[in-house]
Every structure is written in C-alpha cells, then in structure tokens.
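Inspection log for the structure reproduced underneath, given as structure tokens.
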Amino acid sequence: MRTATIARKTKETEISVAINLDGTGQYQVSTGIGFLDHMLEQLSRHSLIDLTVTARGDTHIDFHHTTEDTGIAIGEAFTKALGDRKGIRRYGDALIPMDETLTRVALDCSNRPYLIWKVTFTRDKLGEMDTELFKEWFQAFAQGAGITLHVENLYGENNHHIVESSYKALARALRAAIEIDPRAAAAVPSTKGVLGGTL
C-alpha cells in the first residue's frame, strides 16, 4: 500500500496528514475552513485517495497560512507515498463539467513542480474564503507533490462551480496518473530511469 503521514508545525499552523493512494476515497478533513474542507473531501472522493487532514492555524488573522500550508502538507504526503514513482502512468488529465462550467486539468507526476493557473473569479469570497486563495492552494500542492499542473477553466459563471470543478478535475487527473501500469509496473516512466527534481 502506498501510504504516508506528514506532520507540519510552524508558528502559523499545525497540520497532520495521512494519505493512502490505493484507497477508496474515504476522508476525514478538518481545517477550520468550511469551504476548503468541502473541496478536500471532493479531492479524496473523486481520486479514490484516502485522506485524513487535521489543521489548526491563525485563522483569526485570515485563511492564507492555513490554506497554503495544508496544500504543502498534502503535497508532501502525496510525494512521500509515491516513493520512486515506479510503475505509475505518470500523466493524467480530466475534463469536468459542472452545470454551466467546464474545467480542464492536465498533470505530470514528474517531480518537477510547476503550476499554470488559468482560472478567474467574479467574486472576492466564497463563504468566508477569499477566492484568491485557491490558486495558493494549488500552487502549494503542486510544489509539495512534485507535479507539473495545468488548471484551466474553459468557461463558467458560478464561482462555486468553477472552484469545485477544478478540484474534481485535479482528483480525476491524479487518479489516472498514479495508477500502476501493468505493462510497466517495474519501471520508472522516464528515459532517465529516475524522476527527480533536478534531472
């Protein structure tokens, strides 16, 4: 089983994450930010990655640190669980509709983190959460997970749908990328023979 736990503690946040890449989409999430909890639940359910997240942060200031550090911690747990990335399909993509909204995610579990974010919002907040923080979460996750991640909202009007379709598309793309390829289960999917951040 590809599993990992991460404990991250700073003066701003204290976060613990447990992850099982070969799960069934079971989740237990508590970040103190209701909308973020909802998105992480979607991420787990649609990727079939079991996810436990507990976070305490300086939300009396704002939600920035907790959002960003949660993305980092989940990403670090993800990359730890992947190990040497042997046997994975490596690439994944998804095109997710949600009512009037359509969002596309393409990613490469290359261990070379990069984010392309083509998502815009017409509202500053969803619930109590600043919409600008979603980019911060995706950036932090991509960095921690070591993935090249492209997120593009093709069209949509409802800001909730735009965000949720982004997380669901990420989930489905991850599900495809981390699946073990039975034709190459013993091989790292790279002509280099390794997937490393400086290679």
side-chain hydrogen bond (donor to acceptor under 3.5 Å, both in side chains) involving [X] - partner list, sequence neighbours excluded:
| X | answer |
| --- | --- |
| T59 | none |
| K80 | none |
| R123 | none |
| E12 | H65 |

Taking the six-membered ring for Trp, are H160 and F35 parallel (under 30°), tilted (30 to 60°) or perpendicular (over 60°)?
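Rings of H160 and F35: perpendicular, over 60°.
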
Residues that F78 engages under ring pair (Phe, Tyr, Trp, His ring centres under 6.0 Å), provided they are two or more places apart:
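Counting only residues at least two positions away or on another chain, F78 forms a ring pair (Phe, Tyr, Trp, His ring centres under 6.0 Å) with F141.
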
S44 side chain vs Q26 backbone, donor-acceptor pair below 3.5 Å
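Answer holds: yes.
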
Donor-acceptor pair, S47 side chain versus R172 backbone, under 3.5 Å?
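No, because the side chain of S47 does not come within donor-acceptor range (under 3.5 Å) of the backbone of R172.
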
Between the side chains of T122 and N159, is a donor N or O closer than 3.5 angstrom to an acceptor N or O?
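Looking only at side-chain atoms, N159 and T122 do form a donor-acceptor pair, the distance falling under 3.5 Å.
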
Enumerate donor-acceptor pairs with a distance under 3.5 Å from any side-chain N or O in residues 176-187 to protein atoms, sequence neighbours excluded.
from, atom 1, to, atom 2, distance (Å)
E179, OE1, R89, NE, 2.7
D181, OD1, R183, N, 3.0

Report the hydrophobic cluster partners of L154, with the cluster defined as I, L, V, M, F, W, Y residues connected by side-chain heavy atoms closer than 4.5 angstrom, directly or transitively.
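Cluster partners of L154: L95, L102, Y155.
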
How is the hydrophobic cluster of Y114 composed, in terms of its other members, when Ile, Leu, Val, Met, Phe, Trp and Tyr link through side-chain heavy atoms under 4.5 Å apart, directly or indirectly?
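Y114 clusters with I116.
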
According to side chain to side chain contact (heavy atoms under 4.5 Å, CB included), who are the partners of T67, at least two apart in sequence or on a separate chain?
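Only I33, L36, F63, M129, L133, W137 meet the side chain to side chain contact (heavy atoms under 4.5 Å, CB included) criterion with T67.
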
Non-neighbouring partners of E100 that pass side chain to side chain contact (heavy atoms under 4.5 Å, CB included), sequence neighbours left out:
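Listed in chain order: E157, N158, H161.
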
If you look only at pairs with a residue in residues 49-61, which of them pass as a salt bridge (Lys or Arg N to Asp or Glu O under 4.0 Å), with sequence neighbours excluded?
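Of all non-adjacent pairs touching residues 49-61, those that pass salt bridge (Lys or Arg N to Asp or Glu O under 4.0 Å) are E14-R56.
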
Are D69 and R8 close enough for a salt bridge, meaning some N to O gap below 4.0 Å?
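Result for this pair is yes, salt bridge flagged.
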
Drop me the distance from T79's OG1 to I147's CD1, to the nearest 0.5 angstrom.
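Nearest 0.5 Å value for the OG1-CD1 distance: 9.5 Å.
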
Out of curiosity, does V29 fall in the hydrophobic cluster containing L43 (side-chain heavy atoms, cut-off under 4.5 Å, transitive links)?
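Shared cluster, yes.
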
Check salt bridge (charged side-chain N to carboxylate O under 4.0 Å, His left out) between D22 and all other residues, then give those that pass, not counting sequence neighbours.
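Per chain and number, D22 pairs via salt bridge (charged side-chain N to carboxylate O under 4.0 Å, His left out) with R2.
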
